[in-house]
Amino acid sequence: MSMEALVSLAKRRGLVFQSSEIYGGTGSVWDFGPLGVEVKNNIKRLWWRDNVHLRPDMVGLDASILMHPTVWKASGHVDHFTDPMVDCRACKRRFRADHLDTVPWAHYCPAKANNKFEVPAGEPCKHCDNRRTLCPECGKGELTAPRQFNLMFKTFMGPVEEDASLTYLRPETAQGIFVNFDNVLQAMRLRLPFGIAQIGKSFRNEITPGNFIFRTREFEQMEIEYFVNPKDTVNGVPADEYWHERWMQDRLAWYQRYGIRAENLRLREHGKDELSHYSKRTADIEYRFPMGWSELEGIANRTDFDLTQHARFSGKSLTYFDEERKEHVVPYVIEPSGGVDRAFLAFLVEAYREEEVRGEKRVVLRLHPELAPLKIAVLPLLKKREKIVETAQAIRAQLAPRWLTVYDDTASIGRLYRRQDEVGTPYCVTVDVQTVGDPETGEAGDQRVTIRDRDSMEQIRVPIGELTAVCERLFAGESWASLAPRYPPSLKP
RNA sequence: GCGGGAAUAGCUCAGCGGUAGAGCGCCAGCCUUCCAAGCUGGGGGUCGCGGGUUCGAAUCCCGUUUCCCGCUCCA
């Protein structure tokens with residue numbers, strides 16, 4: 001499938017809109033429409049349920065986006081979260097200035113005659129004190145002066161824009177967890193290992209955003225900081241390494257549980273040169289997006305870097321008292337950090353299918369029922385029959401408190417089904433003449449309705465009185481195939 | 001930020017100096033007893049934005065914004 005087809009569907013069906021579109025759009029930010037916000041909330045709810053509520057060793061947190069500016073000094077983001085870039089004027093290649101310093105370079109020194117020198121990596125010219133000026137790739141082009149990109153958005157706390165009030169929109173939710181480590185520890189009486197989870201917006205002034213909602217400047221993270229005692233071992237392995245491996249496997253399984261096929265997921269270990277300034281080891285969970293394998297979630301061993309830094313900058317002790325060893329330790333932390341928007345995109349890409357049904361193209365989102373924005377659509381077969389419409393609307397009202405249920409009567413039944421297919425509604429409930437009886441013939445209604453399965457397009461016929469119970473079983477995961485034999489469809493065609 | 005491509009109806013696109021179009025979708029009506037059927041009617045476009053050339057610009061020129069593909073970066 002192509003990203004274009006998905007962008008188009010997302011807009012047409014109210015999943016994702018470009019931000020500020022009526023003003024010509026604004027770069028690298030997107031809005032989630034009425035159906036998009038449902039999917040996104042579903043992703044966050046499931047992540048929270050599976051990673052916080054179902055585990056005895058996890059608690060949640062919701063820290064503010066604006067924090068004390070020193071947080072970002074301590075975290076290293078003020079100093080390290082920058083990429084000095086230089087461009088070659090001739091071949092137009094772009095380089096990170098710090099990478100250029102890793103190779104020796106040829107230099108034509110203006111301060112000396114007979115002036116070609118080889119200068120060692122990372123050193124300026126001994127004679128003129130210049131750094132590399134020529135492109136390492138094409139060898140001819142002159143390089144621009146390095147330009148600094150700090151990827152953090154600056155802002156000001158309070159009405160006066162002065163340096164004293166300068167702070168940043170957080171570039172990751174993680175720091176909100178680290179600075180609350182001791183608060184949470186005291187309030188919740190926790191024992192290592194334990195984790196703190198948080199979902200929230202983060203902001204990065206990316207040099208190159210793009211690929212739809214894959215890389216945006218405002219995005220939402222689902223982060224866990226899982227604290228372990230580095231002195232402990234599990235199965236003979238240091239605790240941090242054991243839990244790192246565990247989280248990699250758990251998180252991989254989570255994506256699969258909600259519909260991502262194993263062949264479209266992989267773990268990719270970071271090389272030493274690409275590790276972040278805080279990381280001992282990092283592995284990415286990558287998904288096979290339309291534009292290629294790209295990161296869905298990073299799982300890093302941040303060691304004791306963050307707690308140590310914050311202890312140093314704040315002067316507060318951020319340690320854990322090890323009762324067995326009778327000593328204070330600084331916990332190590334394993335960080336599974338996922339992008340909500342990236343998960344959204346991956347689930348959508350994975351679910352999108354174009355199928356051929358009776359010679360017609362059918363677009364269907366085969367979303368996991370828990371992710372689907374709408375759970376049930378109640379449809380009248382004939383909108384001219386008052387009794388059918390009344391019954392259908394009553395059924396919608398009956399189901400709505402339990403599942404997000406919509407009613408639609410604005411087209412023929414086939415079209416209504418296809419509309420629901422396009423947004424991935426797992427089940428449609430149809431009310432027909434047989435349900436309510438036919439006043440013309442005097443035939444009595446059977447008070448049964450049809451449930452139609454999105455993926456197989458098969459139907460079963462269920463008494464209205466059992467509808468809620470049957471839906472309960474379907475959404476609890478009971479398979480269509482096991483349920484269907486008990487509720488044969490209408491004998492009429 | 002650099003190079004390349006693009007921007008016309010909700011979507012996909014045609015039109016390339018002379019009155020803004022098609023298909024699909026959407027809305028209303030008729031018809032219709034379960035998978036985008038048919039018929040009739042309807043709403044909807046500052047042709048991304050700004051400037052220029054011209055009697056006349058969606059069309060040619062300049063600028064700009066946004067999107068897509070690369071370089072680079074990350075969740």
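Only a predicted model underlies this, so the values are computations on that prediction, with no experimental measurement involved. First the proteins, then the strands, lettered A, B, ... as listed; each starts at 1.
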Just compare [options] and give me whichever is closest to any side-chain atom of [X].
{"X": "Asp432(A)", "options": "A36(B), C69(B), C34(B)", "value": "C34(B)"}
{"X": "Arg342(A)", "options": "C34(B), U32(B), C74(B)", "value": "C74(B)"}
{"X": "Tyr417(A)", "options": "C35(B), U66(B), C73(B)", "value": "C35(B)"}

Practice item. Please state whether the base of C35(B) and the side chain of Arg358(A) form at least one donor-acceptor pair under 3.5 Å? Key: no
Point to revise | hbond_proxy Arg204(A) side chain to C74(B) base (donor-acceptor, 3.5 Å cutoff) | key: no
Under a 3.5 Å cut-off for both contacts, is [N] paired Watson-Crick or G-U wobble with anything, and if yes, with which nucleotide?
{"N": "C27(B)", "answer": "G41(B)"}
{"N": "G18(B)", "answer": "C55(B)"}
{"N": "A6(B)", "answer": "U66(B)"}

Counting just side-chain N and O atoms, does [X] come under 4.0 Å of either OP1 or OP2 of [N]?
{"X": "Thr410(A)", "N": "C27(B)", "value": "yes"}
{"X": "Arg362(A)", "N": "A36(B)", "value": "no"}
{"X": "Arg415(A)", "N": "C26(B)", "value": "yes"}
{"X": "Ser412(A)", "N": "U32(B)", "value": "no"}
{"X": "Arg12(A)", "N": "C24(B)", "value": "no"}
{"X": "Lys384(A)", "N": "C30(B)", "value": "yes"}

What integer number of Å spans the [atom1] atoms of [N] and [M]?
{"N": "U32(B)", "M": "A37(B)", "atom1": "P", "result": "16 Å"}
{"N": "G23(B)", "M": "G18(B)", "atom1": "P", "result": "23 Å"}
{"N": "C62(B)", "M": "U19(B)", "atom1": "C1'", "result": "28 Å"}
{"N": "U8(B)", "M": "C35(B)", "atom1": "P", "result": "37 Å"}
{"N": "G15(B)", "M": "U72(B)", "atom1": "C1'", "result": "39 Å"}

So what does [X] hit on the nucleic acid, given a heavy-atom distance under 4.0 Å: a base, only sugar-phosphate, or nothing?
{"X": "Gln459(A)", "value": "base"}
{"X": "Thr430(A)", "value": "base"}
{"X": "Leu296(A)", "value": "sugar-phosphate"}
{"X": "Phe212(A)", "value": "sugar-phosphate"}
{"X": "Thr216(A)", "value": "base"}
{"X": "Glu335(A)", "value": "nothing"}
{"X": "Ser8(A)", "value": "sugar-phosphate"}
{"X": "Asp341(A)", "value": "nothing"}

Check your understanding: What about the rings of Phe212(A) and Phe214(A), do their centers lie closer together than 6.0 Å?
Key -> no
Check your understanding: Under 6.0 Å between ring centres, would you say that holds for Phe344(A) and Phe32(A)?
Key -> yes
Exercise for review: Answer yes when Asp455(A) and Arg353(A) have at least one side-chain N-carboxylate O distance shorter than 4.0 Å, and no when they do not.
Suggested key: no
Check your understanding: Would you call Glu245(A) and Arg281(A) a salt bridge, using N to O less than 4.0 angstrom?
Key -> yes
Point to revise | Cationic tip of Arg268(A) above Trp293(A) ring, under 6.0 Å, 45° of axis | key: no
Quick one: [X] [atom1] to [N] [atom2], roughly how many Å, whole number?
{"X": "Arg419(A)", "N": "C34(B)", "atom1": "CZ", "atom2": "P", "answer": "18 Å"}
{"X": "Arg385(A)", "N": "C31(B)", "atom1": "CZ", "atom2": "C1'", "answer": "14 Å"}
{"X": "Lys361(A)", "N": "C24(B)", "atom1": "NZ", "atom2": "C1'", "answer": "11 Å"}
{"X": "Lys383(A)", "N": "C34(B)", "atom1": "NZ", "atom2": "P", "answer": "17 Å"}
{"X": "Glu422(A)", "N": "G25(B)", "atom1": "CD", "atom2": "C1'", "answer": "9 Å"}
{"X": "Phe214(A)", "N": "C68(B)", "atom1": "CZ", "atom2": "P", "answer": "13 Å"}
{"X": "Ile388(A)", "N": "U33(B)", "atom1": "CD1", "atom2": "P", "answer": "11 Å"}
{"X": "Leu416(A)", "N": "U32(B)", "atom1": "CG", "atom2": "P", "answer": "17 Å"}

Study note, to complete from the structure: RNA chain B nearest-nucleotide lookup for Lys11(A) and Glu172(A): closer to the 5′ end is Lys11(A)
Study note, to complete from the structure: Comparing Met457(A) with Val340(A), nearest RNA chain B nucleotide closer to 5' gives the residue Met457(A)
Would you kindly say whether [X] and [Y] are connected by a side-chain donor-acceptor distance under 3.5 Å?
{"X": "Asn301(A)", "Y": "Glu241(A)", "value": "no"}
{"X": "Arg302(A)", "Y": "Ser337(A)", "value": "no"}
{"X": "Tyr258(A)", "Y": "Asp50(A)", "value": "yes"}

